Amino acid sequence: MIFRIVKRAELSKKKAIAIRAAAIVLALVAAAVFIFALGRNPVDVYLSMLKGAFGSSYRFREIIIKAIPLTITSLGIAIAFKMKFWNIGAEGQIFMGAFAASLFALHFRDMQKPLMLLIMAAAGIIAGGLWALIPAFFKAQFGTNETLFTLMMNYIALKWVTYLQYGPWKDPASFGFPKVANFSDNAILPKVFGIHIGWIITLILIAAVYVFINRTKKGYEISVIGESENTARYAGMNVRKIILTAIFISGGICGLTGMIQASAVNNTLAVEVTGGVGFTAIITAWLGQLSAPIIFIVSFLFAALLQGGAYIQSAFQIPQAAAQIIQGTILFFVLGSEFFIQYRLVFKNEHPLKTKKEGA
Amino acid sequence: MNRRAFIQIRGITKTFGAVTANNNISLNICKGEIHALLGENGSGKSTLMNVLSGIYSPDSGSIFIDGKEVHFNSPKDSIKAGIGMIHQHFKLVEVLTAKENIIAGQKGSFFIGSKDLSRKIKDISEKFGLEIDPDKKVYNMSVGEKQTVEIIKVLYRGADILILDEPTAVLTPQETKRLFDILRKMKDAGCAVIIITHKLNEVMEISDRITVLRRGETVGTVNKNETNIRELTEMMVGRPIDLSIKRIEKNPRSPALQVKNLTVLNEDKRHALDNISFELSAGEILGVAGVAGSGQRELCEAIAGLYPVAGGEILFEGENIVGKNPREIIKMGISMSFIPEDRLGMGLVASMDMVDNFILKEYQNQKGFLIDRRPARKKAEQLVKKLDIKTPGVHYPVKLLSGGNIQKVLLGREIESNPHLLITAYPVRGLDIGSSYTIYDLLNEQKLKNVAILYIGEDLDVLLELCDRIMVLCEGRITGIVDARDTTKEQLGLMMAGEAISDGIGGGL
């Protein structure tokens with residue numbers, strides 16, 4: 001063996017930051033090789049990625065709009081993950097939240113705006129929460145595996161929305177195009193400073209989840225159960241009830257994402273409503289170490305990366321797949337650096353096995 | 001001993017992160033000797049033996065066997081070199097027979113030459129007095145039999161250096177005696193035997209030479225005949241220490257806990273506890289002895305409301321608490337404390353700090369949604385001073401503390417709630433000698449305060465010295481409840497092996 005892997009002792013904050021910075025530099029170098037192979041100048045591409053992300057107030061707004069669903073969903077996932085309940089079903093919970101919100105938006109087109117939006121939000125939260133509660137119930141009752149269960153629930157939700165869009169909910173006025181009718185103006189979230197109000201909801205949720213996890217009894221119970229169910233039982237906690245409550249909250253927050261996206265971004269129910277956020281948010285929740293403020297920062301940077309990637313496609317005529325390879329490369333190094341924060345490699349020159357025992 | 005050393009260990013250093021488990025350790029072991037490796041938990045014994053058996057590779061240092069330097073990259077290499085390790089937790093396949101376990105992982109022909117094999121096993125058995133039925137399935141075996149299979153396994157592979165890691169921890173005194181007879185025969189046959197232990201009595205009984213480790217370093221090697229327990233303790237701990245445990249004589253008062261015809265079934269629907277009855281009075285320490293897995297855990301957890309009860313009654317100060325979960329027991333106003341065997345997996349939240357561990361039992365009594373951590377922090381700070389807990393601060397994760405300090409945190413938290421009944425399961429397991437005595441003192445202090453204490457123990461000497469009465473469990477049944485003042489270790493051993501006590505002993509208790 002040339003090297004072996006050794007777990008690090010305590011790592012200073014400075015060193016951890018240095019490792020992460022090194023990872024980003026390496027990522028840029030690796031992606032540069034790829035860009036060079038495409039026949040472009042890597043420095044130009046990187047500069048324009050920055051420009052594409054932060055270059056104008058419009059582009060900055062686009063980042064925020066992308067960061068909103070990512071942050072909220074990550075917060076929802078983080079609550080479940082804190083309890084070591086592997087909720088991979090955010091995607092489906094977003095769909096069901098969007099579906100329930102649309103149900104009201106489409107059927108009560110003339111309801112007063114504030115009331116309508118409140119009802120839609122409540123419907124989204126409850127639908128997302130209930131959708132998550134199904135696997136949680138089976139886990140609490142029969143010990144089923146929540147990872148597979150929540151994952152499969154995603155496809156049911158996706159196909160349900162697809163069915164509605166191509167079937168019963170198809171807009172007759174769309175000339176045969178498979179599309180659900182747009183919401184009336186009453187069902188669309190208002191804008192504040194040019195961005196839909198979702199950003200304010202996001203900030204409130206960050207604070208709320210932070211307080212929930214760190215300061216409330218329920219948050220404390222969730223942390224204890226995540227660490228050891230035995231300890232929770234020992235302390236007299238009602239483990240079943242806490243799991244169900246926490247997962248309802250987790251799914252409910254994801255459901256709220258669905259309502260916000262359907263209302264403010266798509267203006268209707270569509271299969272594109274999640275934009276894959278349910279899966280991306282798993283990455284951002286982990287990178288954010290399940291902590292609300294860090295999740296916000298990570299989600300913002302992630303959205304900037306997406307936005308920059310979208311910009312270079314048009315600016316350099318790079319195909320979408322190539323832009324995604326660059327994004328993927330950068331993400332690969334950033335995620336990989338987490339390994340080196342926990343472990344280090346030790347190189348050594350080992351002698352080959354020399355001695356065999358002879359006789360007794 | 002002037003014989004040439006068979007195994008020479010020179011300057012072994014092994015670190016794990018910031019922890020130096022072995023620091024420049026040197027050691028010589030001769031053929032035909034039983035060498036005890038003595039040291040407290042965390043002194044580096046197991047690390048050193050894992051280096052010798054090829055599981056870890058050392059950072060520096062070298063090992064010579066029979067004068068030749070060897071480098072082990074895996075346990076395979078060390079087996080080839082004639083080293084056989086008997087781990088504390090047996091590594092046997094339960095559904096296979098003894099014979100199949102013995103040949104598992106061996107090179108040889110595709111078909112199992114059953115006759116040859118049986119003969120070879122028989123040869124080894126006879127040579128060392130190892131009694132074993134080669135065709136018995138492992139899951140039908142007692143702990144002692146399993147250990148015998150492990151020993152035959154390494155001998156079959158041609159080991160002449162035998163390492164045993166805490167081999168007596170799971171044995172009754174009688175089984176221990178049998179094991180020691182076997183080890184002596186091996187020694188006479190020219191094997192080198194290394195036995196890792198922290199039990200001083202056993203060291204004095206079985207070994208020829210003793211090497212003491214402390215904090216990853218060799219303190220010294222002494223001949224058994226030229227030393228005594230007191231000196232060994234001092235070498236282990238680093239300072240002289242009083243080894244006697246006080247038993248506080250006190251007249252027990254009214255019964256605090258009455259257990260009547262308690263029956264508990266385990267996951268396989270077998271009787272973990274079979275119709276047991278006993279009483280425990282306020283101001284009394286009742287010890288529970290028994291081979292590991294005789295129903296001790298189920299007894300503790302059943303009383304604490306963590307294990308389903310199939311039948312019988314548990315009366316706490318007259319009130320039946322069967323069928324109540326811990327929350328309900330707390331709500332009934334019953335002040336019972338349970339120090340579970342699994343401290344970090346049940347009693348405490350490993351990654352949380354002292355403050356968060358302190359609110360575990362009391363947050364439910366706070367009003368509102370939010371948690372106020374200030375009272376807990378105050379309590380934690382007081383306890384650090386009172387029990388002299390070594391920690392960088394009350395916000396330091398408890399899992400990073402040493403075993404003794406972890407136990408102080410747990411016991412301290414429970415004592416703070418002024419319990420009437422204290423259930424302690426192996427409270428000194430894994431603790432160094434100094435910490436163990438602190439725990440005994442704390443228990444005695446509680447006894448003086450009229451707390452009823454159930455003490456699940458494994459060291460019979462401690463049980464006999466500390467407790468008022470001792471209840472012996474064997475396979476879920478009580479084989480005797482005796483007065484600790486007039487009982488011997490041998491009598492306890494017989495009861496642990498399942499012999500119900502005759503009327504003469506125990507004084508009618």
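Keep in mind that what you see is a predicted model, and the values were worked out from it rather than measured. The chains referred to below are lettered A, B, ... by the order of the sequence lines, with proteins before strands, and numbering in each begins at 1.
Looking at B/A304, neither its backbone nor its side chain comes within 4.5 Å of chain A, counting heavy atoms on both sides. With a threshold of 4.5 angstrom between heavy atoms, B/D342 does not approach chain A through any atom at all. For a residue to count as touching a neighbouring chain, one of its non-hydrogen atoms must lie under 4.5 Å from one of that chain's; by this rule B/L348 touches chain A with the backbone only. Of the atoms belonging to B/Q366, heavy atoms from both backbone and side chain fall under 4.5 Å from chain A.
Shown here is A/F296, whose CZ atom has no more than 12 heavy atoms of other residues, nucleotides or ligands within 6.0 Å. Annotation for A/Y210: atom OH does not count as buried by contact number, only 12 or fewer foreign heavy atoms lying within 6.0 Å.
The line from NZ of A/K218 to CG of B/L370 is 13.0 Å long, rounded to the nearest 0.5 Å.
The contact list for residues 225-238 of chain A toward chain B, using heavy atoms and a distance under 4.5 Å, reads A/E227, A/S228, A/N230, A/T231, A/R233, A/Y234, A/A235, A/G236, A/M237 by residue number.
A/Y220 places a side-chain N or O within donor-acceptor distance of the main-chain N or O of B/D356, the cut-off being under 3.5 Å.
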